[in-house]
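Basis for what follows: all heavy atoms, side chains included, without hydrogens, waters or symmetry-related copies. As the structure is a prediction and not an experimental result, all values here were calculated from the model. Throughout, residue positions are numbered sequentially from 1 according to the sequence presented.
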Amino acid sequence: MAVYVTCLTASGGLPVFTRSSGDLKPLPFPLIGSLNGVHMFGANHNVDLLSSTTDDSKVIWKVFQDSITLIIISQDDIADDCHMTNVLKFIHQSLVLLLGKEEVQNIDKNVEKFKREVKVCNSLIDHFIQAPVSTTFSQLTNTVEIIAAPENITLQNFLDAFTDAAETVYGCLLVEGKIAVATKKWWSLTANELVLLRMLVSSMSDCTSRDVPVYLPDSHPTVPHRLMTFHLTKCVQVCVICGPSPSLCDLEPEDFGHGYQEGGSGARPRSTCMCDVFISQLYWIDVLLDLQPLKIKHLDVTFAKFLVVNKDTNRCLHSTSPSLEDRSTLGDGLNPAQRKEVLQSFYKKVIGSFFSSNIEGSELGPEEYSHSPQETYITTDIHKCYAAQSGSHQIFILYADTIPTYAMRSITHKTLNLLTKDRHVCI
């Protein structure tokens, strides 16, 4: 899906940056000027222009901190506006995350300087406007993706030991971009901060270790912190948020450029300093790297993909693909990437229309009903989808078209019950 994002100063309409998904050409300046002009015209007449649609496109405007105006243009996916507005919110908070609230708020003092500094945010912004198949469920649901595995209990002990050595209470272990374990203080961060930090790590190029200055947009938007990450193996890294100390060298293993070596059944980290307290215990990390889709006893295998969201804990869990022995039951003719895109599309059509979530504005559509919708489904020629909510949990399942429509409800509730009661699933 083509997506264009433009940032301008709120007071004078001066262009700051323009980003687009894929290899799309930038928007011509006259078009940007027209889009901003109609928004400013409305503001001067006490009209707040929020969104507009054409035959096949949608345009959304949003002003942040009375300093910048963000405009997003995309194909009209017939989903509630709250999802595109949510993308703009993340783009604004990306600026705050890397530049600080005061820098963004005082953009008019030196626009040219800000235009140079904002380039550090380009990679993170691009991650938020990628094509659906490339995006994660984190930015879509305002929650972070987790991994559920029996090894998490052991990993938690190692992570706590490492954060103690790093003199911080904020730390997490990422496996292929998903949180395996995290400290209590890390989970105490807001949903926006959790998603932003996870996306920031994913947007940066691979390196053995890094030390990045960050601001926490909700907790400490004006106080700089340090985000330090250490690659333990190819797909596993530990992240901590620290103050002025310790230094990166204090935690970084010697010869970290060769911090892990491939061979045998997996990767064995080697190090010789403080980081040993954690990574020297992870010689069996290949167990995590080879994690299969979540398999819980008695879990029904007639569905192709599921997503579970907990609005209170800001966590989500989804299946990546069915196991080899289950693929014969699918019959939907979709590959894993297509299933992901279908499930994302289904989520966007449900949230804001029937269900609300922690996405700002998603409650407006459901409030129009005289009752509170709890379940909904759709059927097509090649697949069926079912969504249900219970308490703080919401579940979305993609089924093969062969499943009887009347059976989806019971299987969905059975699945949600199993996922929320399994001792290995902390969602």
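- H225 is linked by a ring-ring contact (aromatic ring centres under 6.0 Å, His included) to H220, counting only residues two or more places apart in sequence or in another chain.
- Inspection of the H383 and D401 side chains reveals no N or O donor paired with an N or O acceptor under 3.5 Å.
- Heavy atoms of other residues, nucleotides or ligands lying less than 6.0 angstrom from CD of Q374 number more than 12.
- A side-chain hydrogen bond (donor to acceptor under 3.5 Å, both in side chains) with K384 is found for exactly one of T379, T402, T405, namely T405.
- The number of heavy atoms from other shown groups lying within 6.0 Å of NZ (K311) is above 12.
- In this structure, T163 contributes its side chain and D160 its backbone to a donor-acceptor pair below 3.5 Å.
- Counting only distance, with no hydrogens or angles, the side chain of R210 and the backbone of S205 share a donor-acceptor pair below 3.5 Å.
- T143 and R315 form no side-chain donor-acceptor contact under 3.5 Å, judged by distance and modelled atom types alone.
- Under the 3.5 Å distance criterion, with hydrogens and angles disregarded, a donor-acceptor pair is assigned to the side chains of H92 and Q65.
- Between the side chain of E375 and the main chain of P373, no donor-acceptor pair closer than 3.5 Å is present.
- A donor and an acceptor atom, one from each side chain of K119 and N122, are nowhere located under 3.5 Å apart.
- Using a 4.5 Å heavy-atom cutoff, the side chains of T222 and Y215 are not in contact.
- Taking the charged nitrogens against the carboxylate oxygens, R226 and D211 do have a contact shorter than 4.0 Å, which makes a salt bridge.
- Remark: side-chain polar atoms of S188 are paired, donor with acceptor, to backbone N or O of K185 under 3.5 angstrom.
- No side-chain donor-acceptor contact under 3.5 Å links Y377 and T412.
- In terms of the ring-ring contact (aromatic ring centres under 6.0 Å, His included) criterion, residue partners of Y369 (sequence neighbours excluded) are, by chain and number, H371.
- Contact check on D77 versus K349 returns no salt bridge, with no Lys/Arg side-chain nitrogen under 4.0 Å from an Asp/Glu carboxylate oxygen.
- Shown here is K101, whose NZ atom has no more than 12 heavy atoms of other residues, nucleotides or ligands within 6.0 Å.
- For E193 and S219, the side-chain atoms include at least one donor-acceptor pair closer than 3.5 Å.
- Counting heavy atoms of neighbouring residues, nucleotides and ligands inside a 6.0 Å radius, atom CD of E368 does not exceed 12 of them.
- Side-chain N/O atoms of D76 and T53 include no donor and acceptor closer than 3.5 Å.
- In summary, the side chains of N142 and N314 do not present any donor paired with an acceptor at a separation below 3.5 Å, with no hydrogens or angles considered.
- Remark: F355 pairs with no residue by the ring-ring contact (aromatic ring centres under 6.0 Å, His included) rule, at least two apart or across chains.
- Here K348 does not pair with D80 in a salt bridge; the nearest charged N to carboxylate O distance is not below 4.0 Å.
- Heavy-atom contacts from other residues, nucleotides or ligands closer than 6.0 Å to CG of D312 number more than 12.
- The aromatic rings of F137 and H318 lie tilted to each other, with the angle between the two planes from 30° to 60°.
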